[in-house]
Amino acid sequence: MKVSMKINGVEYERDVEPRRLLVHYIREDVGLTGTNVGCDTSSCGACTVLMDGKSVKSCTVLAVQAEGAEITTIEGLAEPDGTLHPLQRAFQECHGLQCGYCTPGMVMASLSLIKENPGLDERKVREGLEGNLCRCTGYHNIVKAVLQAADEMGVKA
Amino acid sequence: MYPSKFDYVRALSVDDALEKIASDEEAKFIAGGHSLVPLMKFRLATPSLLVDIGGLHDLSYIKDEGDHLAIGALTRHTEVEHSQLLQAELPMLSYVASLVGDPQVRHRGTIGGSVAHGDGASDLPAALLALDASMIAVGPSGRREIPAKEFFKGFLETALSPDELLVEIKVPKGVSSWSYKKFNRRAQDWAIVGVAAVKNGSTKVAFVNMGSSPLRSTGCEDALRSGATIEEAAERAAEGIEPPSDLNASSEFRVHLAKVLTRRALEELS
Amino acid sequence: MTQVAEQGTSVIGKKVLRREDPALLAGESKFVADLDVPGALNIFVLRSTAANARIKAIDTTAAKESKGVVAVYVAADLESEWAGPMPCAWPVTADMKNPPHYPLAKDTVRYVGDAVAVVVAEGAEEAADAAALIEVTYEELPAVVDLEEAAKDTHLVHESLGTNTSYVWELNPNPEALERAFSSAKYVVSERYIQQRLIPAAMEPRGVLAIPSPIGGDYTLYSATQVPHILKVMAALTLGIAETKLRVIAPSVGGGFGSKLNVYAEELLCLALSRRHRRPVRWVEERSEGGQATIHGRGQVQNIELAADENGKLLGVRVSLIADMGAYLQLVTPGVPLLGAFLYHGVYHVENYGFKAVGVFTNKTPTDAYRGAGRPEATYAIERAMDALARKVGVDPAEIRRRNLIQPEQFPYNSPAGLVFDSGDYPANFKVALDRLGYSKLREEQAQRRASGSRRHLGIGISFFVEMCGLAPSRVLASLNYSAGGWESATVRVLPTSKVQVVTGTAPHGQGHETSWAMIVADKLGVPLEDIEVLHSDTAIAPHGMDTYGSRSLSVGGTAVHLATERVLDKARKLAAHQLEVSEEDLEYSSGVFSVKGVPGKVMPLAGVAFEAFTAHNLPDGMEPNLEASVSWDPPNFTFPYGTHLAVVEVDEETGKVELLRYLSIDDCGNQINPLIVEGQIHGGIVQGIAQALYEEAVYDRDGNLLNPSLADYLVPSAAEMPSFELGQTVTPSPTNPLGVKGIGEAGTIASTPAIMNAIVDALSHLGVTNIEMPASPERVWRAIQDAVAS
Ligand SMILES: Cc1cc2nc3c(=O)[nH]c(=O)nc-3n(C[C@H](O)[C@H](O)[C@H](O)COP(=O)(O)OP(=O)(O)OC[C@H]3O[C@@H](n4cnc5c(N)ncnc54)[C@H](O)[C@@H]3O)c2cc1C
Ligand code: FES
Ligand code: FES
């Protein structure tokens with residue numbers, strides 16, 4: 001069936017089976033492969049995107065459920081000229097990524113977290129990222145990056 | 001992971017939803033999809049038709065109705081978590097919602113889906129059981145109210161019939177103190193054991209993951225009614241309950257945890 | 001070594017931001033699953049649901065008729081594709097038993113997850129749909145699950161072998177002396193530890209894409225691998241493809257930790273099927289599938305004995321272990337225990353040493369190298385046993401260690417196992433760590449808490465590790481029967497426009513080699529970092545290499561880069577001297593410019609030299625055109641990083657829940673090229689080790705079913721369970737390589753597991769607890785307390 005949604009500001013319409021997962025719609029039908037798949041049990045958060053401004057695990061949403069939604073993926077964060085979003089920059093400056101596989105999901109989850117929670121502190125960041133797994137960084141620098149970005153984006157305590 | 005094939009329709013209204021669900025015996029409602037889609041990915045659920053009620057925004061609300069609060073079935077966990085009304089009138093529910101899964105799950109999952117799914121390992125059903133909530137369902141034969149105590153029947157089994165739609169959850173006010181203890185190993189995980197304790201006149205205690213459905217601790221509640229101390233009541237918490245064994249805990253350890261957590265919860269109440 | 005270019009400010013030792021990051025952060029980097037080629041077929045691998053069974057029948061009729069299906073194959077259909085079985089490169093003994101292992105199981109399946117059929121379809125969904133229609137009839141046999149049972153041969157994994165024992169490997173330089181040490185000892189501790197099986201769980205599942213060129217007859221294999229070079233050789237041999245016809249590319253790879261250090265059935269299947277169907281063939285692993293189909297790590301039952309004199313000074317260390325091979329030997333499965341075999345005395349001086357490993361088959365997923373491979377096991381055993389010795393002797397765990405540490409003047413230290421530890425100052429490192437933690441103060445706090453009757457117990461855990469890394473001197477590998485060398489290669493090329501190209505044989509998958517290698521070159525050549533590109537992980541671009549694992553990349557691969565740069569500079573100097581008509585000795589080199597000593601203004605920038613080398617209009621007689629050099633570096637020794645890791649935990653006596661309050665480490669990895677990356681490696685490593693201690697275990701039931709292959713049940717910890725870490729360092733350069741570096745990729749994982757477990761046991765020692773098995777789940781901790789209190 002026809003499913004249309006806005007991804008990173010661009011309107012897409014694709015004809016897909018109802019069983020198409022949002023993550024596959026984004027990656028395969030639209031061709032934005034920045035969003036990753038790391039598990040099959042909704043546990044890892046690698047597939048996190050923003051749906052109408054809020055983080056969701058796109059492996060656990062059917063594409064048909066996202067009809068008419070506004071989706072933001074990792075590709076939609078940087079400026080058109082390539083300037084990184086403050087959160088992306090913070091991840092680089094704090095060495096919050098190694099292999100980078102968890103990173104798109106981690107960044108999108110962090111963005112949602114920062115927007116929804118003024119007054120983040122270390123504890124809140126750690127708990128707020130409970131649904132995102134990273135096997136490389138040990139999280140130390142991810143937490144640092146999120147706090148730094150929250151500060152810069154003007155929403156820290 | 002690919003679900004097996006199914007048909008999909010969107011419900012435009014409650015009546016429309018009821019009509020569509022009646023059209024196919026293997027049909028299922030989908031709300032947030034955060035219980036259903038994971039099962040479908042592993043082909044543990046294979047509905048032939050999904051009726052999406054996600055667009056019924058009228059069923060997303062939190063209202064003060066005098067002696068109780070009314071929560072629409074499609075209210076998402078995150079809304080329950082952050083509702084100022086709930087935080088003022090029923091902070092326990094906000095707190096319990098904040099412990100469900102992770103933020104992404106809470107952005108999608110609905111209280112109605114959680115209740116209708118009826119998983120004994122879920123947080124909100126046990127909390128609602130301790131709160132003496134009741135569920136409003138509408139179906140072909142009209143609207144009915146089902147007390148929580150009669151709602152949760154067994155493993156993923158509730159009093160709802162397949163063609164009934166859960167529309168609202170009513171939670172009585174008057175909670176003077178409460179405690180919720182969720183014990184798990186990773187923050188994102190389901191409870192190994194959870195205890196919900198509520199003082200609203202009498203004291204009610206309900207368990208998460210101590211059986212195939214959410215359970216009230218009759219042993220503990222009886223003991224308290226007959227004037228037992230907190231220690232004595234907690235000791236009787238798992239009376240008549242045979243919790244499951246799994247990778248995270250044996251049945252025996254669950255019983256032990258239930259007692260410890262009940263004691264701690266009751267201590268917080270007083 | 002040769003002189004270092006004099007420069008104003010060297011980048012070495014600076015926290016240089018990684019050049020890998022922007023593309024990864026923008027979602028632009030391509031992992032295998034991101035690659036799609038028009039016309040690609042997708043495969044689904046059907047896996048055994050039985051651990052040990054004869055295949056009675058496989059009915060693929062319905063699957064073959066399913067929509068989009070191109071073919072369905074079982075083992076017999078593909079036999080003609082294989083020139084040989086899947087490779088095991090480490091026959092540790094001459095008589096090691098290595099049963100033939102093919103991509104699809106033929107008559108017998110030997111673990112849950114063993115591949116039995118493959119569906120080739122247009123789309124991935126269609127392949128999965130069809131696989132669900134295949135019916136396999138099994139005749140189940142008793143599964144061999146428990147290690148010690150396996151060693152008794154009651155039931156066999158491979159009937160034709162007549163035994164479950166693959167090999168027995170021993171290291172016992174002087175058995176009589178060892179015996180005497182134990183019989184004369186005042187104290188003997190005998191400990192038994194279990195190294196549970198672990199699932200490596202790199203966040204990127206594996207993925208493969210094989211693309212044939214039907215006309216040219218060659219193949220490009222994209223794989224999420226740590227070892228494109230090894231894979232190329234092995235795949236060529238296994239499939240009977242000329243090595244010249246195969247190009248292997250590892251695009252962005254999402255972590256490995258050893259799990260992608262292998263040659264897997266799916267890589268071979270995709271290649272074979274792309275050959276058969278003359279179309280690209282793709283496979284992307286599902287996470288729960290990977291739990292069964294990708295190698296596991298650890299899996300040992302260890303017995304360690306320490307003999308000590310009346311002061312607690314070690315007289316002898318004796319170790320005997322059984323190691324779980326799983327159902328088959330993968331690439332280096334049997335060698336993993338050997339990587340720890342030499343290190344079971346840890347950082348302590350001892351004269352007498354004995355080690356024995358028995359490798360046994362079980363009906364479980366094959367094991368292989370997982371972060372640390374052999375060394376975490378060794379460190380765990382000795383560090384836990386040292387705590388046991390401290391309890392026996394009645395001294396503080398810090399004190400027992402102080403009494404036994406190898407002293408600085410003993411370096412280079414000839415170890416009782418026959419290694420030469422390169423460099424170190426262990427007592428100094430240990431002191432820094434204890435002081436920073438406030439060790440004695442914490443001991444006081446612990447005593448107060450105990451006195452107060454609190455049921456939340458405080459525990460302090462010490463782990464002092466040394467490891468051998470920088471795999472490896474090729475001659476040593478030969479003595480261990482390893483079938484390849486341990487060198488690494490590098491090419492450094494100054495292009496006509498003076499941009500620099502570095503080609504490395506390492507295969508980074510998160511370690512930031514592009515940044516670090518550029519730093520090494522920038523430091524020597526004095527050119528801006530931005531002018532240097534680093535190429536890797538494509539066998540057409542970097543034909544020589546031994547890839548990335550075993551904390552080898554910097555000390556071996558980085559050294560190769562350093563040496564190649566030196567050679568380039570030597571040539572540039574000759575050319576500059578020729579052009580400036582002076583002798584080489586009259587030249588100085590700084591910030592990318594040759595200048596003549598004492599003659600201001602007589603200069604030639606490297607850019608000019610590079611262009612001259614390119615045009616070749618005026619070279620010295622006999623000099624070849626172009627400014628480039630290649631080096632293959634074979635290290636003379638391993639390197640030996642070390643460090644003290646300390647954990648402070650709180651244990652809830654009633655629920656058994658462990659909370660990690662603090663974690664401090666003082667690592668010594670020699671010189672640091674980029675401290676940002678060093679710290680990142682330590683953080684990540686520490687968490688993986690903590691995960692072994694507290695959360696992770698691949699659990700099998702008695703029938704050989706893996707109960708937790710998914711990330712919902714296999715508990716990889718999240719940020720919410722971890723604290724921030726307190727890191728510090730000491731620096732003892734390694735004399736093994738000109739950079740003075742050691743390696744840091746595995747240190748955290750090696751060290752942290754025993755730190756946590758020692759802390760938990762320490763917290764509960766006054767209750768009589770002496771051991772808890774890993775992972776220390778709330779229930780295990782609670783039961784250990786119940787048992788201790790009861791006895
Ligand atoms: C990774 C992960 C972790 C989680 N962790 C937790 C946790 O820790 N604690 C916890 O409590 N829950 C947890 N959940 C479950 C989560 O709370 C679900 O969102 C919730 O259980 C279901 O809500 P839903 O709206 O998504 O329901 P859906 O998945 O859409 O539906 C669930 C079932 O209810 C039926 N249904 C839904 N709405 C109605 C209705 N209005 N009337 C009748 N039938 C209806 C559907 O037909 C279906 O059978 C987790 C989920 C995930 C994916
Ligand atoms: S891929 Fe969506 S949570 Fe793992
Ligand atoms: S950076 Fe590799 S998984 Fe997070």
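In this text the structure is predicted, and so the values were computed from the model without any measurement. Order of the sequence lines fixes the chain letters, A, B, ..., with proteins taken first and strands second; residue numbering starts at 1 for each chain.
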- request: Evaluate the side-chain proximity of Asp36(C) to Glu28(A): yes if any heavy-atom separation is below 4.5 Å, no if none is.
  value: no
field: Lys30(C) portion near chain A, given a 4.5 angstrom heavy-atom threshold
entry: side chain
Could you tell me which portion of [X] (side chain, backbone, both or neither) has an atom closer than 4.5 angstrom to a non-hydrogen atom of chain C?
| X | result |
| --- | --- |
| Ser43(A) | side chain |
| Val37(A) | backbone |
| Leu77(A) | neither |
| Asp40(A) | both |

- request: Look at the aromatic rings of His683(C) and His140(A) and report parallel, tilted or perpendicular, splitting at 30° and 60°.
  value: parallel
Under 3.5 Å donor-acceptor pairs involving side-chain atoms of residues 2-11 of chain A, not counting sequence neighbours:
| unit_1 | atom_1 | unit_2 | atom_2 | d |
| --- | --- | --- | --- | --- |
| Ser4(A) | OG | Glu67(A) | OE2 | 3.1 |
| Asn8(A) | OD1 | Thr73(A) | N | 2.8 |
| Asn8(A) | ND2 | Thr73(A) | OG1 | 2.9 |

task: Go through Glu122(A), Glu17(A), Glu127(A) and name the one with the most non-hydrogen pairs under 4.5 angstrom from chain C.
output: Glu122(A)
task: Look at Lys144(A) together with Glu679(C) and state whether they make a salt bridge at an N to O cut-off of under 4.0 Å.
output: no
- prompt: Rounded to the nearest 0.5 Å, what separation is found between the CG atom of Leu21(A) and the CD atom of Glu125(C)?
  reply: 8.5 Å
- request: Starting from the C-alpha separation in whole Å, work towards a yes-or-no answer on salt bridge (Lys or Arg N to Asp or Glu O under 4.0 Å) for Glu696(C) and Arg135(A).
  value: CA-CA 13 Å; Glu696(C) 296 180 12; Arg135(A) 198 56 156 167; 2.6 Å; yes
message: The criterion is ring pair (Phe, Tyr, Trp, His ring centres under 6.0 Å); which residues satisfy it with His536(C), sequence neighbours excluded?
response: none
